[in-house]
Structure formats: C-alpha cells, structure tokens
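The sequence lines fix the lettering, A, B, ..., with proteins before strands; numbering per chain opens at 1. Atom set for the values below is all heavy atoms of this structure, side chains included, hydrogens, waters and symmetry mates excluded.
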Number of protein chains: 2
Amino acid sequence: MDPIDELNENLVEFFDRMSSWEQSVIQQGKLNVAGAHAIEKLGHFGSMSMKDLSKDLGVTTGTTTITVDRLEKGGYAVRERADNDRRSYIIRLTEKGNDAYLDHHRHHLSFAKEIASFLTDEEIECFTAVLEKINKEI
Amino acid sequence: MDPIDELNENLVEFFDRMSSWEQSVIQQGKLNVAGAHAIEKLGHFGSMSMKDLSKDLGVTTGTTTITVDRLEKGGYAVRERADNDRRSYIIRLTEKGNDAYLDHHRHHLSFAKEIASFLTDEEIECFTAVLEKINKEI
DNA sequence: ATATATTGTTTGATAGTCAAACTATGTGTG
DNA sequence: CACACATAGTTTGACTATCAAACAATATAT
C-alpha cells in the first residue's frame with residue numbers, strides 16, 4: 001500500500017478518535033462546548049481581548065460575545081475594561097474558570113499518558129518530534 | 001521538560017490545527033458540516049442503516065434524520081427500504097454524493113502528502129506506525 | 001474637524017443537537 | 001394466537017453555535 005494512503009487513513013482515524021474523546025470529556029463537565037474551548041484558550045494563552053479570543057477560536061466576535069456572556073453568567077470569566085482602549089475588554093478567567101481549565105488540562109495529560117503507556121521511549125520521542133515539526137510547518 | 005507534557009502540548013496543538021483545516025475544507029464545498037461528516041462515513045464504510053450511521057457519527061437517530069433529509073434534498077443520498085426489516089432504511093450515496101466523497105478524500109490525501117513532504121521516509125514510517133498503534137489501542 | 005477604521009454588541013437567520021413522545025414494525029412468551 | 005416488550009426511525013420542543021450585517025462607541029489619520 002502507498003505510504004501516503006496509509007498515513008492518510010491513520011490520520012483520519014486518529015482525528016476521529018481524538019474528536020470523540022474531546023467531545024466526551026467536555027460532556028462530562030458542566031460547561032458547554034463553546035465555553036470549554038474559550039476556557040482552554042484563556043487558560044493556555046492568558047487573558048485577552050474579545051477580538052483576540054475570537055481569532056484564536058476561529059469564530060466571529062459576535063459569537064464570542066455570546067460565549068463570554070455565558071461564561072460570565074456561570075462565574076467562569078469576567079470582562080475587564082482595557083486600560084489603553086476604552087472600546088476593548090480583557091477577558092480574564094475567575095478562580096472557578098481557572099479550576100475548570102486545570103481540570104481539562106489534567107484530562108489531556110492523562111490522555112497523553114495513556115498513549116505513552118503503550119509506546120516505547122523511542123516511539124514517544126519520534127512521535128513528539130514529528131508532531132512538533134508538523135505544527136511548525138502547517 | 002517532561003516528555004508527557006511535551007507530547008500533550010504537541011497533540012493539543014496538532015488537533016487544533018487539524019480541526020481548523022477540516023473546517024475550512026468543508027466550508028469550501030457546498031455541504032454543511034453534518035452532511036459532510038455523514039458522506040465521509042457512507043463513502044468510507046458503504047451504505048448503512050440510520051441506526052448504524054448515527055452510531056458512527058456519534059449522534060442520536062433524531063439528528064441523523066435531519067442530516068439525511070438534507071442530503072436527500074440536495075441529491076447526495078437516498079433512503080432505500082431494507083429487504084429484511086421494514087422499519088429500517090439503507091442510506092446510499094448517489095453519484096453526486098460519491099463525487100463529493102471522492103473530492104473530500106482527495107483533500108485528505110493532499111493534506112497527508114503535504115505533511116509527508118517535509119518528513120523523512122523514516123519519520124513517515126515511524127509516525128504512521130505510531131498512529132496505527134494508537135488507533136488500535138484507544 | 002471630519003472621515004475612516006476598529007472593538008465589541010445586537011439582531012435575524014440557519015444549522016446542529018438532544019431528550020422524549022410517537023409510529024410502525026418485529027420478537028418472544030404464555 | 002395474543003399480548004407484551006423491543007427496536008428503527010421520525011417528530012417535536014428546546015437550547016446551543018454560528019454567521020453576516022447593522023449598529024454604537026471609541027480611536028486614528030489627514
């Protein structure tokens with residue numbers, strides 16, 4: 001079989017399984033999908049404006065308005081006026097929001113751990129290196 | 001840095017990039033997201049019942065009803081009565097539906113080709129082998 | 001000053017989803 | 001056989017996710 005076909009098949013299946021896993025992890029928690037994604041970004045990259053958050057999430061600012069409204073109502077995040085530009089807000093996770101982020105992060109870590117558990121050290125190293133290379137190039 | 005952390009970071013970023021890519025590919029075509037996913041399954045695994053399709057897609061049969069309604073309206077698929085069970089339908093791609101599948105498949109292949117283009121033969125081999133292993137174990 | 005650009009919100013529309021009620025059909029048991 | 005139970009798919013009602021376009025407030029440039 002052509003190596004590209006083989007790579008493709010495994011990539012597609014892997015992506016599918018990752019998607020299901022992510023979906024089920026989110027549904028275990030109390031957050032809705034959009035909120036969970038926003039919290040992941042805010043936890044990973046830190047507080048940022050509506051515009052930057054929208055760009056990171058790949059959605060319009062209108063969509064982000066709704067998402068952040070719900071996060072605020074749920075007590076996960078707050079809008080804070082930006083010092084330098086009075087049109088802009090900085091979205092910051094509350095302690096509750098940060099806890100949710102850490103919890104999600106732990107799930108990711110245990111997923112990575114599970115994967116690593118049935119790979120050799122050499123395979124882990126190669127896999128990580130290739131992923132890093134792909135992330136840089138794509 | 002801990003190898004697990006490093007693996008996790010790269011996995012998360014990779015998944016994020018794959019998601020964006022998939023999203024943009026679907027939006028280039030005429031199909032909506034749910035329809036595109038259904039066509040992928042039907043093209044890959046062949047005709048199947050509403051129930052099996054729902055299970056493959058990870059949604060309820062109610063959701064699949066809507067999705068297949070729209071595919072039928074668009075001329076991408078047809079419901080055919082199952083021979084053995086008159087409650088059941090077999091969902092089959094039309095020629096138009098199969099063309100859409102092949103088109104999507106070509107996009108996936110060129111994505112795999114792009115990835116392969118900046119990897120060594122050895123890296124491709126290792127990456128594919130690890131993905132296969134993960135897909136089997138997860 | 002005045003026009004233009006930018007940040008974020010609102011509005012109106014559509015898609016995606018689920019749970020629960022429902023219809024039609026199939027299966028098993030006394 | 002008849003009745004209960006199970007299963008395949010649809011419908012309904014509700015909510016979330018999303019976009020594009022119109023809008024308000026503020027910033028920037030000429």
- For Glu72(A), salt bridge (charged side-chain N to carboxylate O under 4.0 Å, His left out) partners two or more places apart: Arg79(A)
- Is the closest side-chain heavy-atom distance between Glu9(B) and Thr128(A) below 4.5 Å? no
- Task: Under 4.5 Å between side-chain heavy atoms, chaining through other members, with only Ile, Leu, Val, Met, Phe, Trp and Tyr counted: pull out the rest of the cluster around Val68(A), sorted by chain and number.
- Result: Leu31(A), Ile39(A), Leu42(A), Phe45(A), Met48(A), Met50(A), Leu53(A), Leu57(A), Val59(A), Leu71(A), Tyr76(A), Tyr89(A), Ile91(A), Leu93(A), Tyr101(A), Leu102(A)
- Please give, in whole Å, the distance from dC19(D) P to Leu57(A) CG? 10 Å
- Query: Name the stems that DNA chain D belongs to, where each is three or more consecutive Watson-Crick or G-U pairs with both distances under 3.5 Å?
  - Reply: C:1-30 with D:1-30
- Item | Shortest non-hydrogen contact from Leu109(A) toward Asp5(B) | CD2-OD1, 3.1 Å
- Locate the shortest heavy-atom distance separating Ala112(A) from Leu7(B); write the atom from each residue and the value. O-CD2, 3.7 Å
- Taking side chain to side chain contact (heavy atoms under 4.5 Å, CB included) as the test, write out the residues that go with Ser47(B), two or more places apart. Ile90(B), Arg92(B)
- Item | For Glu13(B), side chain to side chain contact (heavy atoms under 4.5 Å, CB included) partners two or more places apart | Asn135(A), Arg17(B)
- What residues form a ring-ring contact (aromatic ring centres under 6.0 Å, His included) with His44(B), not counting sequence neighbours? none
- Name the first nucleotide and the last nucleotide along DNA chain C (5' to 3') that come under 4.0 Å of a heavy atom in chain B. dA15(C) to dG26(C)
- Query: Can you tell which of His104(A), Arg106(A), His105(A) makes a side-chain hydrogen bond (donor to acceptor under 3.5 Å, both in side chains) with His108(A)?
  - Reply: His104(A)
- Message: Under the salt bridge (Lys or Arg N to Asp or Glu O under 4.0 Å) definition, can you give me all pairs with a residue in residues 19-29 of chain B, not counting sequence neighbours?
- Response: none
For nucleotides 6-8 of chain D, list the nitrogen or oxygen atoms of the protein found under 3.5 Å from its nitrogen or oxygen atoms, one pair per line.
| from | atom 1 | to | atom 2 | distance (Å) |
| --- | --- | --- | --- | --- |
| dT7(D) | O2 | Arg87(B) | NH1 | 2.5 |
| dA8(D) | OP1 | Lys51(B) | NZ | 3.3 |
| dA8(D) | OP2 | Lys51(B) | NZ | 3.1 |
| dA8(D) | O3' | Ser88(B) | OG | 3.3 |

- By salt bridge (charged side-chain N to carboxylate O under 4.0 Å, His left out) - contacts of Lys136(B) (at least two apart): Glu132(B)
- Can a salt bridge be assigned to the pair Lys41(A) and Asp16(B) using a cut-off of 4.0 Å between side-chain N and carboxylate O? yes
- Reckon Arg81(B) touches a base, only the sugar-phosphate, or nothing at all at heavy-atom distances under 4.0 Å? nothing
- Residues that Phe127(A) engages under ring-ring contact (aromatic ring centres under 6.0 Å, His included), provided they are two or more places apart: Phe127(B)
What pairs of nitrogen or oxygen atoms, one from the protein and one from nucleotides 12-18 of chain D, lie under 3.5 Å apart?
| from | atom 1 | to | atom 2 | distance (Å) |
| --- | --- | --- | --- | --- |
| dA17(D) | OP1 | Val33(A) | N | 3.1 |
| dA17(D) | OP1 | Ala34(A) | N | 3.0 |
| dA17(D) | OP2 | Asn32(A) | ND2 | 3.3 |
| dA17(D) | OP2 | Arg70(A) | NH2 | 3.3 |

